[in-house]
Structures are given as structure tokens and as C-alpha cells.
Amino acid sequence: MEKASSACRRLRHLLLPKRKPDSVVAVATSNTQAKFQNVVEKFKKLSNSGGFRAQRAPYKAAVRRLSRAGHFSHVEDILQHQKQYESIKNEHFTARLIHLYGQAKMLDHALQLFDEMPKLTARAPFSPSTPSSPPASLAELRQGDRAVRELPAKLSIEPNAITYTSAMKAFCKTGSFDDAVSLLDEMAAKGVGPDAVTFSLLLGELYHSGRYLEGENAWNLMREKGVDPDVRCYNSRVQGMVSEKKMWEAVALVREMEQKGLRPNSYTYNVLIKGFVDEGNVEEVKNWYAALQESSSAAPDIFTYLRLVPFALDCIGVDLALELCKNSAGLKKKLPVAMVRRVSDELLKHSRVEDAKHLLHLYTLPHSQA
DNA sequence: GTAGGGTTAG
């Protein structure tokens, strides 16, 4: 059955008009189609397990991957598939699916699923959690006004902290930072308290877009409102300081968060490393990489290595570059092939054939040129 | 146990 349907799909694909008659392109596209179809089938199989359905990351990753590639029918396929499981009666599960449609920018599907909730979940909707998914979906679509005004009115619900946070995200993403910040006033007027999530998002957007002073204002506002910054809030501010090349202040802030008992995570270290890489400060880059390796609350990740490998090649030495590549080989996300090749080329320049071979072998790259 | 919150560079 499955074979027949995938054969049909292939046939349909062949019958579809092609813009590019180039046979090489056609074969590549067909391979890609088959690859994504495979992703869908695998995902459906995994969905059979309740343990899998409780996880959030694989859903997000699959939807992101498929929607980025423009395979919206595949997104629909895997999300509609979830309706057959008991989990669909759990409104939290269904709310997640709604948001996933939003993340794929499939608003119509998101709202339709929301409409179906009463009959799917066997419970009346609008328990505190459910109506937050449509605003979150609208935020993904950068529609702040609709998220915070039109939709709550339509659903006869009062916007809560999550609605506002979603709207803030949408406003920031469209560059309407003033609108985002002014939502804090509106929240205060309505007695809705912002929390660490609200501020981590706002701070991140402000600092990340180069609005350092506005970020600092928001940070002070957060303190005035008695909201305790968590690791992500601190990270946003550290990142803001790094962007402003205030490395000493950034380091001091990391020390402050440690003193408060907040454990720096990989993001924290990566931001500092990025700052010192941009400064060309070899000693501090080495220090913070060592600190990250020794940390009990963080570990190097792919972003660490993406930054460090080119820097090691250019400013430190091929030995460190090789060591970094080896250290990163065990990660699920791999370094780009071109980056690994740069390191192996450098090794060959120094006639270190065995090291180069070993490196390419680690990344299962052919080394016939060697 | 259950919502809304990060980066990379070519």
C-alpha cells in the first residue's frame, strides 16, 4: 500500500509541469520529495508512542524543517495525523498543535483546529491555557494587533500575560518596538503582570536590534516591577553588552548572575566567546572555551564550534582547530563540510596527512585527494 | 508535567 502510494506520488510528480526541464534538477527535486516523504512517514510511526507525543522538540523541528522547505501539505499531513490519538483530547496537546500550525505560518489551519477543539477535546475550551495558542500563532505571523485586540474580542477572553507576550513578539519582529514597549503600560493598566518570559523576549529583541539604551530601560523597568530576571533575561543583556563591545561589563554581568545562583548556559558562554572572537582576543577566547568545557551547567555546542574553528585557524593554530573539530564530531549537528575541509587542507599544508585523513574519516568525508 | 522565551555564516 505504502509502496503504491509513494509510486503514485512519484508519478504525479513526473506528470506535473516542470519549470526547469534540466534533468539533473528534476532528479534532485525528486530525491528531495522522497526525502521529505520519508520524514513524514517516520514521524507518523514515531507518533504511535505516547512518550514521543509528549515531547515538544521533535514536533517543532519537523514542522520547521518541512515548512521552511515549503512542504505545507506535509505539515498538514503530520499534524492532522495526530488527531487519531487519545492525546488529542488533552487540550494542552491540541494547543501545541495549533501553535505548530502557526509556526508553519498556516494560520487558517491553526484557527480551524482551534474551532474544532470543543469536539476534539471532549471538554469545553477556554480553560486558562487553550486560548493562548491562536494569539501565539498570530505572533508567528507578525500580527500583533490581531493577537492582542481582534482575537481576544472575538473569543470573548481577556488578554493575559501570554497573549501580551505573543503580541510583543509580533510587534518587535515587525520593527514596532514602541508598540511592544507600550503594551507594558497596557498590561499594568489591566492588572496583568509581565513575567520573566515577557521580559526575556522584549530584552532579547531590543538588545539584538542594536537598541541598547532601550534595552537598559526595559531592564530597569523589569527591576522596578519586581520581576526576577532568569538566565535568559541575563543572557539577553549580556548579548546586548557584547554587541556594544562592552566586554568587561558583559563579564561582570555573568559574574553577577553566578553570584545570584543562576547557572550560565551554553548561550551565555557562546555570546562571550563571540565577543572575544570579534575582538581578536586570543587569551580570553581560550579562557572562556576552557571555562565552558569545565562548566557543570553548560557544554560546547555547534554554535561554539562554528565560531571557534575559523578563529582557531586564523588566529591560533591548526592544532586547536583540529582538536575543536574532533570535539564537535560527536554532536548531532555537524560542522559544515567546507569548514572541516579548510582544517584538513591546512593540515595537509603542514604535511600532516594522517591527521587530515583521521579528521575526514571522523566526518565520513572522502579523502582521495589526500 | 503541560501555554508565550535565543544564537551560527557563507
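Chain letters run A, B, ... following the sequence lines, proteins first and then strands; every chain starts at 1.
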Roughly, in whole Å, what's the span from OH in A/Y305 to P in B/dT8? 18 Å
For DNA chain B, find the residues of residues 181-201 of chain A with a heavy-atom distance under 4.0 Å and give them by number; none if there aren't any. A/D195, A/A196, A/V197, A/T198, A/S200, A/L201
Nearest to the side chain of A/S166 - B/dA3, B/dT2, B/dG4? B/dG4
Given B/dT8, B/dA3, B/dG1, identify the nucleotide with an atom nearest to the side chain of A/A54. B/dG1
Taking only the side-chain nitrogens and oxygens of A/K169, find out if one of them lies under 4.0 Å from OP1 or OP2 of B/dG5. yes
Of the nucleotides B/dG4, B/dG5, B/dT2, which one has an atom closest to the side chain of A/H92? B/dT2
Regarding the side chain of A/N90, the nearest nucleotide among B/dT2, B/dG5, B/dT7 is B/dT2
How close or far is atom C1' of B/dT8 from atom CZ of A/R68, stated in whole angstroms? 12 Å
When you get a sec, tell me which of B/dG4, B/dT8, B/dA3 is the closest nucleotide to the side chain of A/F303? B/dT8
Is the shortest distance from a Lys or Arg side-chain nitrogen in A/E256 or A/R237 to a carboxylate oxygen in the other one below 4.0 Å? no
Distance in angstrom units between A/L206 CG and B/dT7 P, rounded: 16 Å
Return the value, rounded to whole Å, for the distance between atom CD of A/E205 and atom C1' of B/dG4. 13 Å
Hey, is A/K44 close enough to A/D77 for a salt bridge, meaning N to O under 4.0 Å? yes
Donor-acceptor pair (no angle test) under 3.5 Å: A/D230 side chain, B/dG5 base: yes
Between atom OH of A/Y269 and atom OH of A/Y289, what is the distance when rounded to the nearest 0.5 Å? 13.0 Å
B/dT8 P sits how many Å from A/L292 CG, rounded? 17 Å
Which whole-number value in Å describes the distance from A/Y234 OH to B/dG5 P? 23 Å
Quick one: do A/K326 and A/H358 satisfy side chain to side chain contact (heavy atoms under 4.5 Å, CB included)? Show the steps, please. CA-CA 9 Å; A/K326 284 181 183 169; A/H358 179 58; 3.6 Å; yes
When you measure from the side chain of A/L306, which nucleotide among B/dT8, B/dG5, B/dA3 comes out closest? B/dT8
Counting the atoms with a prime plus P, OP1 and OP2 as sugar-phosphate, which does A/R56 contact under 4.0 Å by heavy atoms, base, sugar-phosphate, or nothing? sugar-phosphate
Rounded distance (nearest 0.5 Å) linking atom OH of A/Y234 with atom NZ of A/K260: 3.5 Å
Check A/R352 with A/E346, please: is the shortest side-chain N to carboxylate O separation under 4.0 Å? no
Pairwise distance CD(A/E76) to CG(A/D108) - rounded to 0.5 angstrom: 10.5 Å
Select base, sugar-phosphate, or nothing to describe what A/A161 touches, counting heavy atoms under 4.0 Å on all strands. base
To the nearest Å, give me how far apart CD (A/E158) and P (B/dG4) are. 21 Å
How long is the line joining CD of A/E86 and P of B/dT2, in whole Å? 21 Å
Side-chain ion pair, A/R341 and A/D345, N-O less than 4.0 Å: no
